[in-house]
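Not measured: the values here are computed from a predicted model. Residue indices begin at 1 and follow the sequence shown.
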Amino acid sequence: VGDSPVLTCLIKENTTMLTWTINSKVEGPCNLVYRTDTKITHRANCSDNINWKFKAGLPSALEIQQVGIAQEGNYSCQVASKDGNFHKTYHLTVLAPPRLSLYCDEQGSPVCEAAAGKPPAQLSWLPESSSRAEKKRHDNGTVTVLSKFTACSTNGTNLTTCMVSHPAGNWSESIAC
């Protein structure tokens with residue numbers, strides 16, 4: 001989320017037309033067309049943050065500025081040339097890093113929350129805990145994971161560390177309750 005990916009399309013010699021067809025999960029179909037003979041571009045039903053990325057005079061790539069979860073989906077490029085038609089399809093998956101918070105509940109137990117991650121984060125504790133993570137799914141495809149520290153013994157220490165593992169990164173935070 002928030003990055004600006006660039007999807008490339010193979011340009012052949014004698015290209016006559018280049019078309020991007022976008023089918024995202026949330027937004028309707030979008031089309032971008034470029035004709036080389038007239039150097040005219042056409043766009044239909046595309047978000048303002050989806051644009052051509054020009055390279056040597058041809059819009060050979062597509063840039064999605066500040067990508068969001070709503071733009072996850074299939075992106076297909078079709079090139080028409082005198083040598084034939086060529087296509088390439090990308091499946092864009094958008095990762096959303098979770099927001100980490102660690103606090104003490106009313107009973108003095110550490111609680112770790114990894115909010116609004118996509119995919120869901122994995123939580124673990126130091127020292128080890130027998131706690132289970134609870135997951136709450138949100139309408140936008142993100143998931144909040146909540147874990148309460150439970151241990152039989154803390155070996156005399158009251159410092160507890162929550163470790164969060166996610167494809168967008170790994171984080172840890174410590175607390176004494």
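Between the NE2 atom in H87 and the CG atom in L10 there is a gap of 12.0 Å [rounded to 0.5 Å]. Between the CZ atom in F86 and the OG atom in S81 there is a gap of 4.5 Å [rounded to 0.5 Å]. In this structure, D3 CG and Q66 CD are separated by 8.0 Å, a value rounded to the nearest 0.5 Å. In this structure, CD on E63 lies 10.0 Å from CG on L7, to the nearest 0.5 angstrom. Of the inter-residue distances, the one linking L123 atom CG with K135 atom NZ reads 9.5 Å to the nearest 0.5 angstrom. In this structure, the separation between CG on L62 and SG on C30 is 7.5 Å, given to the nearest 0.5 Å.
Ring orientation note: the planes of H166 and W171 are tilted relative to one another, at an angle of 30° to 60°.
Note on residues 101-124: no pairs pass ring-ring contact (aromatic ring centres under 6.0 Å, His included), not counting sequence neighbours.
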Let me have the donor-acceptor pairs involving side chains of residues 72-80, under 3.5 Å, with sequence neighbours excluded, atom names and distances please.
{"unit_1": "E72", "atom_1": "OE1", "unit_2": "K25", "atom_2": "NZ", "d": "2.9"}
{"unit_1": "E72", "atom_1": "OE1", "unit_2": "K118", "atom_2": "NZ", "d": "3.1"}
{"unit_1": "E72", "atom_1": "OE2", "unit_2": "V94", "atom_2": "N", "d": "2.8"}
{"unit_1": "E72", "atom_1": "OE2", "unit_2": "K118", "atom_2": "NZ", "d": "2.6"}
{"unit_1": "N74", "atom_1": "OD1", "unit_2": "H91", "atom_2": "ND1", "d": "3.0"}
{"unit_1": "Y75", "atom_1": "OH", "unit_2": "Q71", "atom_2": "O", "d": "2.7"}
{"unit_1": "S76", "atom_1": "OG", "unit_2": "T89", "atom_2": "OG1", "d": "3.0"}

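For S131 and S147, the side-chain atoms include at least one donor-acceptor pair closer than 3.5 Å.
Put simply, L95 and V1 are part of two different groups of oily side chains (I, L, V, M, F, W, Y) that touch within less than 4.5 Å, one to the next.
Under the salt bridge (charged side-chain N to carboxylate O under 4.0 Å, His left out) criterion, R43 pairs with no residue, sequence neighbours left out. Scored by the salt bridge (charged side-chain N to carboxylate O under 4.0 Å, His left out) test, D139 finds no partners at all (sequence neighbours excluded). Qualifying salt bridge (charged side-chain N to carboxylate O under 4.0 Å, His left out) partners for D83, counting only residues two or more places apart in sequence or in other chains: none.
More than 12 heavy atoms of other residues, nucleotides or ligands sit less than 6.0 Å from atom CG of D37.
When hydrophobic side chains of Ile, Leu, Val, Met, Phe, Trp and Tyr are connected at separations under 4.5 Å, L126 ends up clustered with M163.
The minimum heavy-atom distance between P98 and A121, with the atom names listed, is CG-CB, 4.0 Å.
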